[in-house]
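Position 1 is the first residue of the sequence, and the numbers go up from there.
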Amino acid sequence: MLKAISDCLKEGFNLEDVKIVKKEKITDKHQDYKKLHIYKDYILLIKGDLSYEQLHIIKKSLYELLKSSLDLSQKVKKLNILEKELETILKANEIFFSGEGSLEDFFLFLSNKKYAVVENNKVILNTGIDEFTITTSIGKLKKVNEFSTSVKKGEIYALKNGVYQIIVLNEEEVLDQFLKKVLKSRLLWLNKMYYEKYKYSVDELTGLYTRKQFLTDLPNFHGKSCLLINLKNFRFINEIYSTNIGDKVLAEFASLLRNTALTENVYRVFGDKFAIIFDEEKKSIDFYRNIVKFLHSGIKVYHDVLKEYVTVNIQTKFIIVRNIRSNFLEKSMIAFKKANYQDKELVFYEDTILPNMEKEVKSIDIIQKVIETNRVIPAFQKVVSLTDSQEYYEALMRIKIKNKVYLPREFLQTARETGLYPKLSNIIFDKVVEILKTSQKKISINVEITDILRKNFIDYTIQKIRRSGIPPKNIIFELTESEDMNRMFKDVQKILNILKEEGFYISIDDFGSGYSNFSYLTELPIDIIKIDGSLIKKINKQTKNLLIVKSIISMAKLLGVKTVAEFVDSKEIYKIVENLGVDYVQGFYIEKPKFNIG
């Protein structure tokens, strides 16, 4: 603009009158004006004499001025519209999320149109759209995220985002693009609200209520009955098929529970564990019987790689709680893991679990007291070589109260589940070290995966032995196998290598049991394997046991690993394992455990 004024003054324009008007505004009163087209439909009207060169200068200057002015005006106009719409959106959101309003308040901006709000394919708000239009729109939205369809003079516009869907029916005019953007913005807010509200109370995978919601609802369930369900083989489903198939199985199983339970109180309380609340015990029992029938045929899910449906068989275990109490859930979850409940498909909480738990509470008190008073003691059982005069002793954990001695089967599982086991293990290790200070015998100490993976295990063990002056070769760490061996193999391998380099001997206990893997013999620094006692006990009666033990001994000899046969409790078994070529024997036939060495 400054350039245009400067050019006019520089040339000394003598203009009587100058106007800029739109073409359609020109009338007869403008007939005395010179008319110059400037920009779009704008015309320059001039009175007075101007040369061609002067007209060219002013036309060029005013073109730039007018174009800039109009472009800026349009931007300001759009900005004002956007600001107004955004203010409306924010105000609506503020009302909605403050709890003062409702969905109707949230969609006031559509007051002159028909619209429907759908949550998880269920209509929660409808201002006048027929059911057929909504149903067909939802069907199409399952394939696309957004679409428009002409209808009479207007259109149907539908879009989805997460759990919410919006369908707008406008029969008067086509919806403009800006309004569609506003709709998307509102839809995002709706979904944000949904997930904020439900992410802790509704499980995303299964659509069932979560454990947190279960604990919130629990005070309202006192006196009612609860059916707890555990998918026993879910870990194997994940390993055999894949976690993707595992997720599909969980989703289908949850759908089965929800559709057959006839109650809204269905929860996913842990990964593969579910809870359903019923008004009375009979309904829990009836549902258990029905669901077992459904599960006989397995669960069908689509396999994305095979491009076909596969039937997955699931193994279930049930606990019925007759009268809900606040602390039953944690106790029941522990019961699901216990071996003594694994062979029972249905267990009644009040009849079986609660009495056992009361016994365990007493056991915990006993374990804590013996730890405090240092009444954890080692018993020693001799392990004898069949090829030379060598022998060593296995240190076995016992606890003693007054004159009664308790065996591991009476307290060890409880100690593991309550986190007290590491303290028992440390006490036994310290007492074995004290005995070795005055004895030249070799002693085997039982350790578990959880022992050696403890943060300070290596430092504590090595420093303790170095300070004691005991040769590391006099200690055998006998590692008990478990399912954790495969899962934590690299960590276990690293720690065993450190112990081996320090000079300790390494033994694997219960070799040949369910978790055994022959690759351990080549990948771990093993000196000795102790053949699983369940194979030895019946080796004189079962040919299969004999063949398995023979294979283990043969493989071990090829790899230079010594073998121990435990549970050698008779002369007959002794002769069998001797003929098979086992290196060491242990059992009542050799010597019973005692509280001293030698």
Is the shortest side-chain heavy-atom distance between I285 and F348 below 4.5 Å?
yes

Testing the basics here: between I156 and S137, what is the closest heavy-atom pair and its distance to 0.1 Å?
CG2-OG, 4.1 Å

Under a 3.5 Å distance rule, please check whether T135 uses its side chain to pair with a backbone N or O of E131 as donor and acceptor.
yes

Please say whether more than 12 non-hydrogen atoms of neighbouring residues, nucleotides or ligands are located less than 6.0 Å from OH in Y302.
yes

Taking C-beta and beyond as the side chain, do L412 and Y421 meet within less than 4.5 Å on heavy atoms?
yes

Mind checking whether L231 and K317 have side chains closer than 4.5 Å, heavy atoms only?
no

So that I can tick it off, tell me whether D217 and K212 are bridged by a salt bridge, with the cut-off set at under 4.0 angstrom between side-chain N and carboxylate O.
no

Let me see the working for L208 and V202 under side chain to side chain contact (heavy atoms under 4.5 Å, CB included), right down to the final yes or no.
CA-CA 6 Å; L208 302 180; V202 176; over 6 Å; no

State whether the side chain of T133 and the backbone N or O of I129 hold a donor-acceptor pair below 3.5 Å, judged by distance alone.
no

Between S284 and F278, which heavy-atom pair has the shortest distance, and what is it?
OG-CD1, 3.3 Å

Check whether any side-chain N or O of R258 sits under 3.5 Å from a backbone N or O of T206 as a donor-acceptor pair, and report yes or no.
yes

Measure up the Y209 and Y267 rings against each other and bin them: parallel (under 30°), tilted (30 to 60°), perpendicular (over 60°).
tilted

Quick check: does any side chain N or O of N290 sit under 3.5 Å from a backbone N or O of F287, one acting as donor and the other as acceptor?
no

Minimum heavy-atom distance between D532 and G512, given as atom pair plus value
CB-C, 4.3 Å

Could you tell me whether E239 and R235 make a salt bridge, using a distance below 4.0 angstrom between a side-chain N and a carboxylate O?
yes

Could you tell me if the side chain of I237 sits less than 4.5 Å from the side chain of V312, heavy atoms only?
yes

I need the minimum non-hydrogen distance between A275 and V269, along with the two atoms involved.
CB-CG1, 3.8 Å

Does the pair D203 and R268 meet the rule for a salt bridge (Lys or Arg N to Asp or Glu O under 4.0 Å), with working shown?
CA-CA 7 Å; D203 179 57; R268 184 186 181 192; 3.0 Å; yes

Does any part of the side chain of L228, heavy atoms only, come nearer than 4.5 Å to the side chain of Y349, both counted from C-beta?
no

Between atom CG of L496 and atom CZ of F489, what is the distance when rounded to the nearest 0.5 Å?
8.5 Å

Ignoring hydrogens and geometry, is there a side-chain-to-backbone donor-acceptor pair from N233 to F236 under 3.5 Å?
no

Parallel, tilted or perpendicular: ring planes of F318 versus Y288, cut at 30 and 60 degrees:
perpendicular

Under-4.0 Å salt bridge between R322 and D351:
yes

Any side-chain donor-acceptor pair under 3.5 Å between D247 and T243?
no

Lys/Arg-Asp/Glu bridge criterion (N-O < 4.0 Å) met for D279, K224
yes

Under the criterion side chain to side chain contact (heavy atoms under 4.5 Å, CB included), I'd like the reasoning laid out for I276 against N265: C-alpha separation, chi angles, the key distance, then a yes or no.
CA-CA 6 Å; I276 309 175; N265 298 320; 5.8 Å; no

N170-Y115 side chain donor-acceptor pair, cut-off 3.5 Å
no

Show the nearest heavy-atom pair for residues T311 and G298, with the distance to one decimal.
CG2-CA, 4.0 Å

From CD (E281) to CG (N323), nearest 0.5 Å
8.5 Å

Taking 4.0 angstrom as the limit, do D304 and K307 come out as a salt bridge?
no

Can you tell if the side chain of I324 reaches within under 4.5 Å of the side chain of I277, non-hydrogen atoms only?
yes

With a 4.0 Å cut-off on N to O distance, would you call D176 and K180 a salt bridge?
no

Start with the C-alpha gap between D510 and T480, add the side-chain angles, then the distance that decides, and say whether side chain to side chain contact (heavy atoms under 4.5 Å, CB included) holds.
CA-CA 7 Å; D510 296 334; T480 304; 4.3 Å; yes

S255 side-chain N/O to A251 backbone N/O, donor-acceptor pair under 3.5 Å:
no

Given side chains that start at C-beta, do those of F274 and L227 come closer than 4.5 Å, heavy atoms only?
no

Are side-chain N/O atoms of N161 and N145 paired as donor and acceptor at under 3.5 Å?
no

For E264, is the CD atom crowded, meaning more than 12 foreign heavy atoms sit under 6.0 Å from it?
no

Just verifying a value: how many Å separate I319 CD1 and L346 CG, rounded to the nearest 0.5 Å?
9.0 Å

Please indicate whether K35 has more than 12 foreign heavy atoms, meaning atoms of other residues, nucleotides or ligands, lying under 6.0 Å from its NZ.
yes

Once rounded to the nearest 0.5 Å, what's the spacing between atom OG1 of T210 and atom CD of E204?
12.0 Å

Check: L175 main-chain N/O paired with E155 side-chain donor or acceptor under 3.5 Å:
yes

Distance-only, no hydrogens or angles: does the N120 side chain make a donor-acceptor pair with backbone N or O of K122 under 3.5 Å?
no

Approximate separation, where rounding is to 0.5 Å, of L159 CG and K184 NZ
7.0 Å

dist I229:CD1 -> D272:CG (nearest 0.5 Å) comes out at 11.5 Å

Per side chain to side chain contact (heavy atoms under 4.5 Å, CB included), Q165 is matched among K142, E119, K160 by K160

Counting only heavy atoms not in K423 (residues, nucleotides, ligands), do more than 12 fall under 6.0 Å from its NZ?
no

Are the side chains of Y157 and L169 in contact, using a 4.5 Å heavy-atom criterion?
no

Regarding K300 and the six-membered ring of Y309, is the cationic atom NZ or CZ under 6.0 Å from the ring centre and inside 45° of its axis?
no

Heavy-atom pair with the smallest gap, counting every atom of E345 and T316:
CG-O, 3.8 Å

Start with the C-alpha gap between I452 and V492, add the side-chain angles, then the distance that decides, and say whether side chain to side chain contact (heavy atoms under 4.5 Å, CB included) holds.
CA-CA 7 Å; I452 66 173; V492 172; 4.0 Å; yes

